[in-house]
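Below is one structure, written out as structure tokens; the observations come after it.
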Amino acid sequence: INAATAMLGMLALVHITLMETAEANSLQRDIERGMARREFFLVFQPQVQADGKVVGAEALLRWRHPQLGMVSPGDFIPVAEESGQILPLGSWVLQEACQTLQRWARTPAMDGVSLSVNVSAKQFLQPDFVGQIASAMQQHGVVAARLKLELTESMLVHDMSDIIAKMHSLHTLGVGCSLDDFGTGFSSLSYLKKLPLDQIKIDQAFVRDVLTDPSDAAIARAVLQLGENLGLAVIAEGVETEGQRDFLLANHCRLFQGYLYSRPLAAIDFEMYVADNSAMKL
Ligand code: C2E
Ligand code: MG
Ligand code: MG
Ligand code: MG
């Protein structure tokens with residue numbers, strides 16, 4: 001009986017694994033089709049200063065699936081990373097971002113607003129990644145210092161000298177790099193001084209309970225101090241309440257992103273948001 005139970009357990013496990021594989025396979029086919037049929041689009045979440053002035057946006061990928069409706073990047077990005085589809089998808093995001101920056105450059109109200117693009121490890125590790133960035137910028141006449149890249153710690157298990165060299169080349173192009181989800185990966189603080197970073201993002205996991213969980217408060221404070229001491233800008237993500245904002249502000253945080261300010265917006269709504277916020281300052 002024990003052997004039979006074990007056998008059944010194993011079969012159940014095999015079954016679940018097969019189901020997951022089948023799901024990933026069909027999602028993979030759907031991503032392929034979705035790229036061809038232009039089912040993907042970008043939304044833009046404001047990044048603001050303490051006074052409410054919008055200094056930039058994060059470009060976030062969205063997928064309107066014909067049958068499933070909106071599919072979260074949390075579900076399809078890992079599949080696309082696994083299958084390698086993140087490479088064509090990522091170049092599409094980059095092209096779209098540069099096109100957006102080109103349009104903003106012609107709109108006085110959008111002057112000085114930067115755009116941050118999320119980049120997967122696989123994308124960044126391509127030998128010609130910097131070349132791809134340079135040609136996308138050139139193609140759309142993008143001014144340096146308007147385009148920013150968000151990288152994650154998961155990338156840092158790879159060849160550090162290659163990563164550092166690429167970040168230096170990007171820096172020379174005028175493209176800044178931000179370390180996303182800071183504190184959630186395999187953090188070794190020693191890499192922070194080796195990487196030519198411009199900014200770190202306090203992960204929303206630490207912001208969420210910053211008022212109620214003393215450890216999260218200590219981590220958020222430590223990241224802000226680290227940024228100050230290393231000369232890096234720090235932006236807090238996932239800021240949802242005034243209480244969270246006030247805590248961060250009291251600890252010298254100068255840049256904020258989260259639902260308190262705005263959800264990610266369609267391009268046209270983001271442009272209106274920027275116009276409204278600069279009008280209020282007059
Ligand atoms: P991320 O880069 O850390 O982006 C922040 C996520 O937090 C976004 O989720 C955003 O919508 C959400 N968020 C913003 N403010 C708040 C808030 O106040 N509260 C809460 N609870 N959430 C907030 P989203 O858009 O679902 O994206 C999830 C992740 O998918 C991103 O995390 C990023 O890692 C990845 N991703 C999105 N777009 C791209 C892309 O174009 N390329 C790549 N490689 N990854 C992407
Ligand atoms: Mg990000
Ligand atoms: Mg993040
Ligand atoms: Mg995240």
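Just follow the structure's listing: the first ligand is 1, and inside any ligand the first atom is 1.
For atom 46 (C) of ligand 1, the nearest non-hydrogen atom from the set L151, N118, V117, T152 comes from N118. Comparing E150, R62, R263 against atom 25 (O) of ligand 1, the shortest heavy-atom distance belongs to R62.
Taking backbone and side chain together, E237 holds no N, O or S atom under 2.8 Å from the Mg ion (ligand 2). For residue D181, an N/O/S atom approaches the Mg ion (ligand 3) to within less than 2.8 Å. Counting backbone and side-chain atoms alike, D180 contributes an N/O/S atom closer than 2.8 Å to the Mg ion (ligand 2). The Mg ion (ligand 2) lies at 2.8 Å or more from every N, O or S atom belonging to S116.
Residues V234 and R254 form no side-chain contact, since every pair of their non-hydrogen atoms from C-beta on lies 4.5 Å or further apart. At least one side-chain heavy atom of Y259 sits under 4.5 Å from a side-chain heavy atom of Q45.
No donor-acceptor contact under 3.5 angstrom links the side chains of Q199 and K148, judged on distance only.
For E39, the salt bridge (charged side-chain N to carboxylate O under 4.0 Å, His left out) criterion is met by R33, not counting sequence neighbours.
In Q45, the part holding a heavy atom less than 4.0 Å from any atom of ligand 1 is the side chain. With a 4.0 Å heavy-atom cut-off, ligand 1 is reached by the side chain of E58 but not by its N, CA, C or O. Under 4.0 angstrom from ligand 1, the non-hydrogen atoms of L61 come from both its backbone and its side chain.
The existence of a salt bridge linking K201 and E58 is confirmed by a sub-4.0 Å separation between a basic side-chain nitrogen and an acidic carboxylate oxygen.
Using the six-membered ring where Trp is involved, F76 and W63 have ring planes that are perpendicular, over 60° apart on the 30 and 60° scheme.
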